[in-house]
K.L.:
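Questions regarding the structure given below will be posed in turn.
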Amino acid sequence: MKVLMINGSPRANGNTSILLNEMKKVFSSFDVEVEEIKIGALDIRGCISCDYCKSHPGECVFKDIVNETSKKFKEADGLVVASPVYYASPNGTVISFLDRLFHSKDYDVHYKVGAAFAIARRGGTTASFDVLNKYFTISGMPVASGDYWNNGFGLKQGEINEDLEGLRNARVVAKRMVFLMKSIKDGKENYKDLLEEEERVSTHFIK
Ligand SMILES: Cc1cc2nc3c(=O)[nH]c(=O)nc-3n(C[C@H](O)[C@H](O)[C@H](O)COP(=O)(O)O)c2cc1C
């Protein structure tokens, strides 16, 4: 069982990293493998809508960390995305990364469990949380939720250590992710008929 973690902070040991470390402790206590990918300081450009990924399934035209992560996402049972809040949104690097990752993948991510976190000094966490969750909920991914909106507070590096509720919530979400991933594994064996999917229909508003 494996969880992939996307850390959107450019800070090596910033508040986002501290929150993710809290989750890692829970995952390792249940023997869940974790791989963290730190994207915050990388040069990741946005999607250019070129459709290269349609003629080269599973591959983005920009040969960078997105393609490398995509292979790992395919094998993972869960995905955690944690981003610092910049101007009341996930930071731009995270959005560029997720747009290209989710748009270029050629495999089914249904029933991989998602969890999102937004880390901020004070404002914009719930708006950012909404943005991140939408990558999961358009993709058939169940979302592991916590006991509050999944956020963490702090400005300077390390300040999140004082946000005891935020760190507790991160541990709660990690444990619920483990429960969901294990339950889904059992469910895939026991309820195969429920995995059959209706053929996809794609409409838009001019036809
Ligand atoms: C460009 C920029 C914009 C920011 N915008 C916000 C904001 O809108 N709301 C907020 O509460 N904090 C904002 N912050 C503060 C960060 O979210 C905060 O310092 C967070 O702890 C950084 O996480 P990190 O240590 O993991 O990098 C901003 C920081 C930067 C650099």
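Remember, it's 1-based here, ligands and their atoms both numbered in the order they're listed. One-based numbering along the sequence shown.
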K.L.:
So for atom CD, which belongs to E162, do other residues, nucleotides or ligands contribute more than 12 heavy atoms lying within a distance under 6.0 Å?
P.N.:
no
K.L.:
Do ligand 1 and K156 have nitrogen or oxygen atoms that lie under 3.5 Å from each other?
P.N.:
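There is no such contact.
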K.L.:
Suppose we measure from atom 2 (C) of ligand 1 to each protein heavy atom; which comes out shortest, and what is that distance?
P.N.:
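Ranking protein heavy atoms by distance from atom 2 (C) of ligand 1, first comes Y86 CD1, 3.6 Å.
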K.L.:
Answer yes if the side chains of Y86 and S128 hold a donor-acceptor pair under 3.5 Å, and no otherwise.
P.N.:
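Checked: Y86/S128 side chains show no N/O donor-acceptor pair below 3.5 Å.
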K.L.:
Is Q157 close to ligand 1, meaning an N/O of one under 3.5 Å from an N/O of the other?
P.N.:
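Min N/O separation from ligand 1 is not below 3.5 Å for Q157.
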K.L.:
Starting from atom 10 (C) of ligand 1, locate the nearest protein heavy atom and write down its residue, its atom name and how far away it is, to 0.1 Å.
P.N.:
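So the nearest neighbour among protein heavy atoms is G123 O, 3.3 Å.
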K.L.:
Report, in ascending order of atom number, the atoms of ligand 1 lying under 4.0 Å from any heavy atom of N15.
P.N.:
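It comes down to these atoms of ligand 1: 21 (O), 24 (P), 25 (O), 26 (O).
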K.L.:
If you count heavy atoms of other groups shown closer than 6.0 angstrom to OH of Y148, is the number above 12?
P.N.:
no
K.L.:
Does the side chain of D99 come under 3.5 Å of the side chain of Y135 through a donor N or O and an acceptor N or O?
P.N.:
yes
K.L.:
Looking at ligand 1, does any of its N/O atoms fall within less than 3.5 Å of an N/O of P10?
P.N.:
no
K.L.:
At what distance is the nearest protein heavy atom to atom 19 (O) of ligand 1, and which residue and atom is it?
P.N.:
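Of every protein heavy atom, L155 O, 2.9 Å lies nearest to atom 19 (O) of ligand 1.
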K.L.:
Quick check: G154 and ligand 1, any N/O pair under 3.5 Å apart?
P.N.:
yes
K.L.:
Tell me whether E75 is salt-bridged to K2, with the criterion being a basic N under 4.0 Å from an acidic carboxylate O.
P.N.:
no
K.L.:
Nearest protein heavy atom to atom 17 (O) of ligand 1, by residue and atom, and its distance?
P.N.:
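Looking only at protein heavy atoms, the one closest to atom 17 (O) of ligand 1 is V85 O, 2.8 Å.
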K.L.:
Testing V131, T16, L132, I44 for side-chain contact (heavy atoms from CB on, under 4.5 Å) with V94, which one passes?
P.N.:
L132
K.L.:
Measuring centre to centre across the rings, with the benzene-like ring taken for any Trp, is F102 within less than 6.0 Å of F73?
P.N.:
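That pair passes the under 6.0 Å test.
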K.L.:
Does ligand 1 come near enough to S17 that some N or O of the ligand is less than 3.5 Å from an N or O of the residue?
P.N.:
no
